[in-house]
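The next block holds one structure in the form of structure tokens; read it before the comments.
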Number of protein chains: 2
Amino acid sequence: MVKEANTPIYKTLISDLKKQIDDGHYKKGDLLPSENELCKTYNTTRPTVRQALSELIRLGYIVRHHGKGSIVSEPKSGLGILSIKGSTAGVGKKNLRTQILAKTQKTTWPADFPYELSAIQSEAGCLYLARLRHVNGLPTLYEETYITDIDLPRFTMHNLEKHSLFETLNKYHKVEIKEGEQKIWAVSADKNLAELLAVKTGKPILHMKRSMQTNRPHLTIYSFLYCNTEEYFIQDYF
Amino acid sequence: MVKEANTPIYKTLISDLKKQIDDGHYKKGDLLPSENELCKTYNTTRPTVRQALSELIRLGYIVRHHGKGSIVSEPKSGLGILSIKGSTAGVGKKNLRTQILAKTQKTTWPADFPYELSAIQSEAGCLYLARLRHVNGLPTLYEETYITDIDLPRFTMHNLEKHSLFETLNKYHKVEIKEGEQKIWAVSADKNLAELLAVKTGKPILHMKRSMQTNRPHLTIYSFLYCNTEEYFIQDYF
DNA sequence: AAAGCAAACTTGTATATACAAGAAAAAATT
DNA sequence: AATTTTTTCTTGTATATACAAGTTTGCTTT
């Protein structure tokens, strides 16, 4: 990446420290250099250093302790990942089959898309896919996913039947979920849903609309899902 | 509320502005007073004002626009906080009434408690309360809460009708949610639920079981809730 | 050796100031 | 009247400094 001359000092500091933490130069529990040391290194003053550290706190990279210093903390992993669980235990890979109803394809955003899109996002278009997850042979979760199509070359060729979407995004494109928001409803299965999930019309179905920000600017993942929670349930961490 | 003399200026500013936004003095889309105006009002300097505004951004209360000002936006509450939203906008404090069905009381953990408890937690016992939230007069969310009873003196006396549980825990006991886990179902309203939430038996109801770790060791908050999502929905951030 | 104390760190809060850059309003020009 | 320019107001970035307060270290005293 070409660094612009006008990049603010505090932003340089943020990316430098982030990189060093990601690369393992500073590990979990390590103490970062003190604010005054960072001032010397970057030839700047404490308010500027603190501005950078505040951002790292927000991102979950560090915690600060009064009188002690900045301690590297675990970057939250698994954030935003939903898993299907049974009443006794988790659902293993053997019992889970993913059926692709619509292969990953480049399209334009739907006209009635329920989230506001930035100009850049609209311009970029999106990748769309629809999947149906079967647990022990039972269709349980229907999910439609929209991903901003920014800098994801050849993403459509990945086989998302065997590997999870988030795994693939992370492994091949270094995309990480930073934060997200979800809206949750309990709805009645209409005719379409009843057919998809093989339940009777009127059955309670869990419905979620989710938007997830990533470490890549403008790359947002949107997910709309319906889940039959009769036998299993949805679990997530925050 | 008794204000301590040593409260930092920026914290006063945060709570003042938060209050004015919550109370509707500043509405969504409104422009907050400029940083310089706030400096005059609070007899302080821009860095201090900006420290407060940064926190309000983090909390989702405002967005700042270079050259324009600070614009009030919909507050996204903190980690683990669930909020009830309507299809058009958030549910304001005016429209939300909290009815206490079981006052905060010290008890032992239920025998059939669905989460594993550590020895220390079992020993400590728990505080229990049950609440029913009405939105625009409609009973919408029934919630049972269990809190490990560790170092929370006189917690039972707080009035949780007017103030949120998390606010109270944070304000008076400096308890913060660090991380959590939630399980989600869509269930059918049984007779009991139907009566509580004033719906017909069989209506789809959102059910969640949540456990939340705090910054205090062993202090875990458990919440079991049922929500009628016909008119409103549940929203959370991660 | 152990306890208590002081010094030397650390981050937390705050003042005062300066200039850059984006946005909007006012003034000047066409 | 419409357009352009200027001014003014806004937030963004940064320096320099000061003292408060929590934590650790090492010294001093017992």
**Prompt:** Taking any atom under 4.0 angstrom from a heavy atom of chain B, which nucleotides of DNA chain C are the first and last to qualify, 5' to 3'?
**Reply:**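 Contact span on the strand: C:dT13 to C:dA24.
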Rounded to whole Å, CG of B:Leu53 lies from P of D:dT11 at a distance of 8 Å
- request: Quickly work out the B:Arg64 CZ to D:dT11 P distance and round it to whole Å.
  value: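 The distance from CZ of B:Arg64 to P of D:dT11 comes to 8 Å, rounded to the nearest Å.
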For the pair [X] and [Y], find out whether any cationic side-chain nitrogen is under 4.0 Å from an anionic carboxylate oxygen.
X	Y	value
A:Arg58	A:Glu55	yes
A:Glu181	A:Arg210	no
B:Glu35	B:Lys40	no

Give a yes or no answer on whether the side chain of [X] reaches the backbone of [Y] with a donor-acceptor pair at less than 3.5 Å.
X	Y	answer
B:Asp23	B:His25	no
A:Thr148	A:Thr220	yes
B:Thr108	B:Gly125	no

Determine whether B:Arg131 and B:Gln99 satisfy the following criterion, side chain to side chain contact (heavy atoms under 4.5 Å, CB included), listing intermediate values before the conclusion.
CA-CA 6 Å; B:Arg131 296 177 295 171; B:Gln99 180 186 359; over 6 Å; no
- Task: Please name all residues satisfying ring-ring contact (aromatic ring centres under 6.0 Å, His included) with B:Phe113, sequence neighbours left out, ordered by chain then number.
- Result: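 For B:Phe113 the ring-ring contact (aromatic ring centres under 6.0 Å, His included) partners, ignoring immediate neighbours, are B:Trp109, B:Tyr146, B:Tyr222, B:Phe224.
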Closest to the 5' end of DNA chain D, once A:Pro47 and A:Gly67 are matched to their nearest nucleotides, is A:Pro47
* To do: Between A:Thr48 and B:Asn36, name the one whose nearest nucleotide on DNA chain D is closer to the 5' end.
  =>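 Checking each residue's closest nucleotide, the 5'-ward one belongs to B:Asn36.
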Within residues 27-35 of chain A, the residues having a heavy atom closer than 4.0 Å to DNA chain C are A:Ser34, A:Glu35
